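This one's a predicted model, so the numbers in the text were calculated from it and none came from an experiment. The figures here come from the full heavy-atom set of this structure, side chains too, leaving out hydrogens, waters and symmetry mates. Counting starts at 1 for both ligands and their atoms, following the listed order.
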Amino acid sequence: MEVRKVGVIGLGAMGAGIAQLCVEAGVDTVGREISDELGERARDRIGHFLTRKVEKGTLGQAERDAAVGRLALTTEVGDLADCDLVIEAIVEELAPKRELFAELDRLTRPEAVLATNTSALSVTEIAAAAERPQRVVGMHFFNPAPLMPLVEIVRAELTGDEAFETAFAFAERIGKTPIRCHDTPGFVVNRVLIPLLNDCVRVLDEARVSPEDLDQGMQGGAGWPMGPCTLLDLVGIDVHVHASEALFEKTRAPRMAPPPRLVAMKNAGLLGRKSGRGFYTYED
Ligand SMILES: NC(=O)c1ccc[n+]([C@@H]2O[C@H](COP(=O)([O-])OP(=O)(O)OC[C@H]3O[C@@H](n4cnc5c(N)ncnc54)[C@H](O)[C@@H]3O)[C@@H](O)[C@H]2O)c1
């Protein structure tokens, strides 16, 4: 199905980035937040990132202004009724997501595709809140969405081919590299990366290696573009611990459980870059 108009619900870290990708690709986009102020703040952030591209010479001023002009803001879900694709990026909690999908299912056209950006919840459980679960699909973007190429297109138990392929084609259209997978805990990348990063943290204590040396080890010996401690600081220790706990709850695999050292860091407010201190200390 051709997507002419997109709705993005929740314009936080992920939703604002997704909305930016849509308007840059020339797609009319409606962004829904819970207050006008949060919506305006997201539009300012998008405008700021696009201005930086103009300054770097990768985007023209007229294109930048046209892109920002394609983003309409609303606080009413009803304003998304004529969207062909709606991408949800609200809080990572099942109940509000299910409530939202039930509402979207009622008010959008039956052929519209409804996508969730959930990282750790079951797309199938979210889809089950809709009368027509065949049109619900996962579109799992990575943070920061405008820069990370991957989108996992997640097939839930009852996702139809039409919705799945529409989501896949749309991800390509906005310049991403989508991959196809089924709805399993952690999908593809987090299923591999989260236990791997947990192992790295356990090795810190077992081998009594410093974060600096572990990072050097994985970069120099395994070809990682950045070391695991640097990556965890960038992701946010709290975000990683939350995702680990969610995966552990679903799989009961010991490697998924967050190592005590990371839980202690989270409880102490050592969250990485965003708090100024994690495995490393950040001046800026
Ligand atoms: N942050 C990441 O690294 C990352 C990566 C991939 C996927 N995700 C997923 O994306 C989703 C959003 O995560 P985030 O990090 O952007 O969170 P965030 O807290 O930065 O943003 C969520 C936004 O949704 C808004 N919101 C809440 N309920 C709403 C509603 N009913 N209608 C409209 N807006 C609503 C909030 O006001 C907030 O601005 C989650 O499901 C998360 O698991 C996050």
Undergrad: Can you list the residues that meet the side-chain contact (heavy atoms from CB on, under 4.5 Å) rule with R64, with sequence neighbours excluded?
TA: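 R64 satisfies side-chain contact (heavy atoms from CB on, under 4.5 Å) with L50, T51, V54, L59, Q61, V68 once adjacent residues are dropped.
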
Undergrad: Would you mind checking if E88 and R32 are paired as a salt bridge, meaning a charged N to carboxylate O distance below 4.0 Å?
TA: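 No, no charged N to carboxylate O under 4.0 Å.
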
Undergrad: Main chain of T230, side chain of D215: is a donor-acceptor contact present, judged purely on distance under 3.5 Å?
TA: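 Checking the backbone N and O of T230 against the side chain of D215, a donor-acceptor pair under 3.5 Å is found.
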
Undergrad: Is any side-chain heavy atom of L232 closer than 4.5 Å to a side-chain heavy atom of I237?
TA: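 The answer is yes, as the side chains (C-beta and beyond) meet within the 4.5 Å cut-off.
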
Undergrad: Which residues pass the side-chain hydrogen bond (donor to acceptor under 3.5 Å, both in side chains) test with Q134, not counting sequence neighbours?
TA: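 Partners of Q134 under the side-chain hydrogen bond (donor to acceptor under 3.5 Å, both in side chains) test: none.
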
Undergrad: Could you pull out the N/O contacts under 3.5 angstrom between ligand 1 and the surrounding protein atoms?
TA:
| unit_1 | atom_1 | unit_2 | atom_2 | d |
| --- | --- | --- | --- | --- |
| ligand 1 | 3 (O) | N143 | ND2 | 3.4 |
| ligand 1 | 8 (N) | S119 | OG | 3.3 |
| ligand 1 | 10 (O) | N117 | ND2 | 3.0 |
| ligand 1 | 16 (O) | A13 | N | 3.3 |
| ligand 1 | 16 (O) | M14 | N | 2.8 |
| ligand 1 | 20 (O) | A13 | N | 3.0 |
| ligand 1 | 32 (N) | R32 | NH1 | 3.0 |
| ligand 1 | 37 (O) | E33 | OE1 | 2.8 |
| ligand 1 | 37 (O) | E33 | OE2 | 3.4 |
| ligand 1 | 39 (O) | E33 | OE2 | 2.5 |
| ligand 1 | 41 (O) | I90 | O | 3.4 |
| ligand 1 | 41 (O) | E92 | OE1 | 2.6 |
| ligand 1 | 41 (O) | K97 | NZ | 2.7 |
| ligand 1 | 43 (O) | E92 | OE1 | 3.0 |
| ligand 1 | 43 (O) | E92 | OE2 | 3.3 |
| ligand 1 | 43 (O) | S119 | OG | 3.4 |

Undergrad: Test of understanding: with side-chain hydrogen bond (donor to acceptor under 3.5 Å, both in side chains), list the residues that count as partners of R43, not counting sequence neighbours.
TA: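 Counting only residues at least two positions away or on another chain, R43 forms no side-chain hydrogen bond (donor to acceptor under 3.5 Å, both in side chains).
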
